[in-house]
Each structure stands twice: as structure tokens, then as C-alpha cells.
Amino acid sequence: MKLSLLPREVRFFELFNQQAAIASLALAELSKSLLQGQSGHARLRELEHQADDVAHEIYMLTNMTFAPPAEPEDILSLAHALDDVVDLAEEVSDKIELYNAYPIPKPAAEMADCLACAGKELEQAVRSIEDAAALAPALLEIHNLENRGDRVTRDALENLFSGGSSTPADLIKWKELYDLLELTMDQCETVAEIIETVSLKSA
């Protein structure tokens, strides 16, 4: 279905822009907190609630709209995927606080920086969903950041299990946390793939 900007449909794009902005802010907050050696969980929890509210509004609008600007399943898939990015960022911060996983290792902060960059690109991608020329660079950069994140995670895990100064508790905590950080990055790429699908269908 061709994407349309009929007045009754504009709200979808406004809501997706809101979702992407919250996701970008959540990833930036996570990055800033980890760089400062903190979890940032209180702020991430606030953003997670905001993201849930916007996602719920999209679900409700989809049920109420006779002619949405894209296939309803694509709208719901994108809304759910963006919401999951924020959920995962909040889960990382929650687990850091819950496990008292301090100090924050440098690779974790580096991974969070990749996520913050991916958040900015997701925000750009959502704004460019109807403009293939503007969309392509954002999608490519998200893919590149996902590859960079994979390398950071692999090196971090290798160092973690290299028999250094890590305690058994540290191994357990940070193995799970690195997995969560990688999953968050994977989710960013999933969002990018959904955006690309919606854009191609609108061409």
C-alpha cells in the first residue's frame, strides 16, 4: 500500500517520530550513564513508561483507522520493535543496578556508545521512511554499528573469560549484561529492517 499523508493519517507518523525520539534518548541516556559509571535506571524507567504510552496509542489508532498509511501488521510490527529497543535499554540499566555491577567496564560503555549512535540513526530513518534516498544512509550506518557492536562484544567476552582479575560473580553478571547490550543492538537492526520493508512497500 502506498504511504499517504492524508490528514487523518498524519498522526501515525507523528507517533512513530515520538517513539523513535524516545528510543534515541533512552540509548543516549544509557550511554551517558555507563560512561559516568552509573546505571541511569531511574531515567530509563521513565522513558520506558513514555515509550509504552506511545506504543499503546499507536495500537489504539490502528484499530480505529479505516485507511492507515501502511499495512496494519507493518504499523504494529514497527511500533512493537521500537518499544522493544527502549525496554531492552531499561533492562540493561535495571540489571546493572540490581546486580550492583560496578565499576562499569570500558567495553560496556563503548557498546552503549554504539547504541547511542544507532539511536540517532533510527530517529533519522523513521523521519525518512517515505524518502528512500535519505533513508538508505541511515540504514547502512545502523548495519555498520551493529557490526561494530559485535566486535566490541566479542572482544569484551574474550577478555572477561581470559582468566584475568574477574571474579566468578563478575563473569556471570557481565556475560548476561554484554548479551543484553548486544541484543539491544540487534533490536535496532530489526527496527531498521522493518522500516526498510515499509519503505519498499510504499515505493
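The basis for the numbers below is simple: all heavy atoms, side chains too, and nothing from hydrogens, waters or symmetry mates. Note that the structure is predicted; figures quoted are calculated from it, not measured. The first residue of the sequence shown is numbered 1, and numbering continues consecutively from there.
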Side chain proximity check, Val126 to Gln19, heavy atoms < 4.5 angstrom:
no

Taking side chain as C-beta onward, heavy atoms only, is Glu182 less than 4.5 Å from Leu115?
no

Any side-chain donor near an acceptor of the partner, Gln124 and Ser128, under 3.5 Å:
yes

Salt bridge (charged side-chain N to carboxylate O under 4.0 Å, His left out) for Asp179 and Lys175? Distances and angles first, verdict last.
CA-CA 6 Å; Asp179 286 347; Lys175 170 61 168 65; 2.5 Å; yes

Beyond-backbone contact of Leu47 with Gln50, side-chain heavy atoms, under 4.5 angstrom:
yes

Ala125 to Leu139 - nearest heavy-atom pair and separation:
CB-CD2, 4.3 Å

Would Lys120 and Glu123 pass as an ion pair if we require N to O under 4.0 Å?
no

Between the side chains of Asp52 and His56, does any donor sit under 3.5 Å from an acceptor?
no

Short side-chain to backbone donor-acceptor contact, Lys173 and Ala101, under 3.5 Å
no

Side chains of Trp174 and Leu157: does their closest heavy-atom pair fall under 4.5 Å?
no

Between Asp74 and Ile194, is any pair of side-chain heavy atoms under 4.5 Å apart?
no

Using a 3.5 Å distance criterion without hydrogens, assess whether the side chain of Ser31 forms a donor-acceptor pair with backbone atoms of Ala28.
no

Take Met185 and Cys114 through the side chain to side chain contact (heavy atoms under 4.5 Å, CB included) test and state the conclusion after the steps.
CA-CA 8 Å; Met185 180 60 78; Cys114 290; 3.5 Å; yes

Any carboxylate oxygen within less than 4.0 angstrom of a Lys/Arg side-chain nitrogen, looking at Arg154 and Asp150?
no

Evaluation steps, side chain to side chain contact (heavy atoms under 4.5 Å, CB included), between Leu122 and Cys188:
CA-CA 7 Å; Leu122 282 180; Cys188 289; 3.9 Å; yes

For side chain to side chain contact (heavy atoms under 4.5 Å, CB included), just list the numbers for Glu146 and Thr190, CA-CA rounded to whole Å, side-chain angles, deciding distance to a tenth of an Å, and then say yes or no.
CA-CA 10 Å; Glu146 195 274 336; Thr190 295; over 6 Å; no

Determine whether Leu30 and Leu34 make a side-chain contact, defined as any pair of heavy atoms from C-beta on separated by less than 4.5 Å.
yes

Dump the intermediate steps for salt bridge (charged side-chain N to carboxylate O under 4.0 Å, His left out) on Lys32 and Glu29, then the final yes or no.
CA-CA 5 Å; Lys32 182 178 72 174; Glu29 288 288 337; 3.6 Å; yes

Distance alone, cut at 3.5 Å: any donor-acceptor contact between the side chains of Tyr102 and Gln38?
no

Qualifying residue for side chain to side chain donor-acceptor pair (under 3.5 Å) with Glu90, from His41, Arg45, Lys95:
His41

Got Thr62 and Phe12 here, is their nearest side-chain heavy-atom distance under 4.5 Å?
yes

Thr153 side chain near Leu181 side chain, heavy-atom distance below 4.5 Å
no

Which pair of heavy atoms, one from Glu189 and one from Ile142, lies closest together, and at what distance?
CA-CG2, 4.0 Å

Could you walk me through whether Ile129 and Leu78 pass side chain to side chain contact (heavy atoms under 4.5 Å, CB included), step by step?
CA-CA 12 Å; Ile129 199 166; Leu78 180 53; 4.3 Å; yes

With distance as the sole test, does Asp83 use its side chain to make a donor-acceptor pair with the main-chain N or O of Ala79 at under 3.5 Å?
no

So that I can tick it off, tell me whether Asp113 and Arg148 are bridged by a salt bridge, with the cut-off set at under 4.0 angstrom between side-chain N and carboxylate O.
yes

